[in-house]
Amino acid sequence: MKIQIKRRVLLASTNQGKLAELAELIGTTNEKIEWVSLKAYPDVGEIAEDGDTFAENARKKALGYAKATGLWTIADDSGLVIDALDGQPGVYSARYATDECGDNRKDIDTANYKKVLAELKDIPDIKRTARFMCCLCLASPEKVLLETEGTFEGIINRGPIGENGFGYDPIFYIPPLNKTAAQLAPQEKNSISHRGNAIRKLKQLLEDLLVSIA
Ligand code: ITT
């Protein structure tokens, strides 16, 4: 009988909204992989996200946590890119309104989208185009193994609508669905989102990689 040894892979995020989406997408059962989150490694310090691009930050986080834990690690850097703001908040999405709020994730998210709404106050509907972007990186402690990217196009609404999701979802309107991202059920969001697209690509590449090194 052949015994299959599972490879432990770390999902390196502290954002519960992201983790829930990643877990839903990846699924908990896989005969070749055992998924673990950063919760299992409370002593590992935070890796600074000081790169200029999502890809750079994802790479830095994946490599940093892989070296710290000795595990293959998947990290995501993502954010909202607004055309009328020359691409802001971009890599600063997680703490765009950092001076105006404390440490509670829900308060930070609300302050962030309120800041965006204020900045776009005088921008007409036609110029409120935006996209979520997600870069994923899988690294071993030695090197980057895989990288993928996903995008999700929408329009910045004039006010928040919906209770689901996290971050900027309540102000991110998707014209073909006539809903904001916060009005989508988790599976529906994952089927079209930046993170959903990036993870589906990564999952396929990871399966191919595991076969090639088996
Ligand atoms: P980790 O670094 O621990 O993963 P984080 O929240 O700091 O958590 P990022 O630096 O990648 O993660 O910041 C991404 C931010 O972009 C996130 O906090 C949200 O404000 C926003 N964002 C990303 N994906 C989003 C989504 O699907 N819906 C709404 N907002 C999103």
Side-chain angles (χ1 to χ4, degrees), residues 10-25 37-42 44-65 68 73-82 85 87-98 100-101 103-117 130-138 149-157 160-174 179-200:
L10 174 69
L11 279 181
S13 175
T14 54
N15 181 318
Q16 286 310 313
K18 260 192 202 179
L19 278 172
E21 291 187 4
L22 288 168
E24 151 102 30
L25 278 160
S37 86
L38 272 178
K39 268 195 195 151
Y41 297 86
V44 171
E46 215 172 296
I47 310 280
E49 293 178 52
D50 47 13
D52 293 331
T53 63
F54 296 118
E56 209 180 309
N57 281 333
R59 228 173 275 144
K60 190 173 174 206
K61 277 198 275 187
L63 272 172
Y65 286 117
T73 299
I74 292 178
D76 143 307
D77 195 37
S78 52
L80 182 62
V81 172
I82 301 176
L85 299 179
Q88 295 294 309
V91 290
Y92 306 107
S93 294
R95 283 209 157 253
Y96 193 45
T98 189
E100 290 128 64
C101 58
D103 276 332
N104 177 288
R105 187 74 248 173
K106 199 102 194 129
D107 294 345
I108 295 171
D109 285 351
T110 306
N112 282 342
Y113 74 61
K114 280 190 173 165
K115 180 170 174 178
V116 164
L117 290 175
R131 67 208 51 80
F132 279 122
M133 294 191 64
C134 171
C135 285
L136 286 176
C137 177
L138 169 71
E149 192 181 294
T151 56
F152 184 18
E153 297 286 334
I155 303 281
I156 303 302
N157 232 13
I161 303 178
E163 301 296 328
N164 298 337
F166 68 100
Y168 298 89
D169 282 341
I171 62 162
F172 191 79
Y173 174 73
I174 308 133
K179 284 179 181 170
T180 67
Q183 290 177 293
L184 302 180
Q187 277 184 337
E188 200 180 1
K189 180 180 170 193
N190 278 336
S191 71
I192 51 173
S193 77
H194 50 313
R195 189 163 300 101
N197 291 329
I199 202 100
R200 275 185 288 278

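This is a predicted model, so every value here is computed, not measured. Starting from 1, each residue takes its place in the sequence as its number. Counting starts at 1 for both ligands and their atoms, following the listed order.
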List in chain and number order the residues that pass ring pair (Phe, Tyr, Trp, His ring centres under 6.0 Å) with Tyr173, two or more places apart in sequence or in another chain; answer none if no residue qualifies.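 Applying ring pair (Phe, Tyr, Trp, His ring centres under 6.0 Å) to Tyr173 gives none.
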Exceeds 12 heavy-atom contacts within 6.0 angstrom, atom OH of Tyr92: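 Open.
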Sidechain N-carboxylate O distance under 4.0 Å for Asp50, Lys60: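 Here Asp50 pairs with Lys60 in a salt bridge, since their nearest N and O are under 4.0 Å apart.
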Is there side-chain contact between Val81 and Phe54, with heavy atoms separated by less than 4.5 Å? yes
If you define the side chain from C-beta out and look only at heavy atoms, does anything of Leu38 sit under 4.5 Å from Ser13?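 Sidechains of Ser13 and Leu38: no contact.
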Closer than 3.5 angstrom, by distance alone: can the side chain of Asn112 be matched with the main-chain N or O of Tyr168 as a donor-acceptor pair? no
Close N/O pairs between ligand 1 and protein, under 3.5 Å:
{"from": "ligand 1", "atom 1": "2 (O)", "to": "Glu49", "atom 2": "OE2", "distance (Å)": "2.8"}
{"from": "ligand 1", "atom 1": "2 (O)", "to": "Lys61", "atom 2": "NZ", "distance (Å)": "2.8"}
{"from": "ligand 1", "atom 1": "3 (O)", "to": "Thr14", "atom 2": "N", "distance (Å)": "2.8"}
{"from": "ligand 1", "atom 1": "3 (O)", "to": "Thr14", "atom 2": "OG1", "distance (Å)": "2.7"}
{"from": "ligand 1", "atom 1": "4 (O)", "to": "Ser13", "atom 2": "OG", "distance (Å)": "2.7"}
{"from": "ligand 1", "atom 1": "4 (O)", "to": "Lys18", "atom 2": "NZ", "distance (Å)": "2.7"}
{"from": "ligand 1", "atom 1": "6 (O)", "to": "Asn15", "atom 2": "ND2", "distance (Å)": "2.8"}
{"from": "ligand 1", "atom 1": "10 (O)", "to": "Glu49", "atom 2": "OE1", "distance (Å)": "2.7"}
{"from": "ligand 1", "atom 1": "10 (O)", "to": "Glu49", "atom 2": "OE2", "distance (Å)": "3.4"}
{"from": "ligand 1", "atom 1": "10 (O)", "to": "Asp77", "atom 2": "OD1", "distance (Å)": "3.3"}
{"from": "ligand 1", "atom 1": "11 (O)", "to": "Lys18", "atom 2": "NZ", "distance (Å)": "2.8"}
{"from": "ligand 1", "atom 1": "11 (O)", "to": "Asp77", "atom 2": "OD1", "distance (Å)": "3.0"}
{"from": "ligand 1", "atom 1": "11 (O)", "to": "Ser78", "atom 2": "N", "distance (Å)": "3.1"}
{"from": "ligand 1", "atom 1": "11 (O)", "to": "Ser78", "atom 2": "O", "distance (Å)": "3.4"}
{"from": "ligand 1", "atom 1": "12 (O)", "to": "Lys18", "atom 2": "NZ", "distance (Å)": "2.9"}
{"from": "ligand 1", "atom 1": "18 (O)", "to": "Arg105", "atom 2": "NH2", "distance (Å)": "3.2"}
{"from": "ligand 1", "atom 1": "24 (N)", "to": "His194", "atom 2": "NE2", "distance (Å)": "3.2"}
{"from": "ligand 1", "atom 1": "24 (N)", "to": "Arg195", "atom 2": "NH2", "distance (Å)": "2.9"}
{"from": "ligand 1", "atom 1": "27 (O)", "to": "Lys189", "atom 2": "NZ", "distance (Å)": "2.7"}
{"from": "ligand 1", "atom 1": "27 (O)", "to": "His194", "atom 2": "NE2", "distance (Å)": "3.2"}
{"from": "ligand 1", "atom 1": "27 (O)", "to": "Arg195", "atom 2": "NH1", "distance (Å)": "3.3"}
{"from": "ligand 1", "atom 1": "28 (N)", "to": "Asp169", "atom 2": "OD1", "distance (Å)": "2.7"}
{"from": "ligand 1", "atom 1": "28 (N)", "to": "Asp169", "atom 2": "OD2", "distance (Å)": "3.4"}
{"from": "ligand 1", "atom 1": "28 (N)", "to": "Lys189", "atom 2": "NZ", "distance (Å)": "3.3"}
{"from": "ligand 1", "atom 1": "30 (N)", "to": "Tyr168", "atom 2": "N", "distance (Å)": "3.1"}

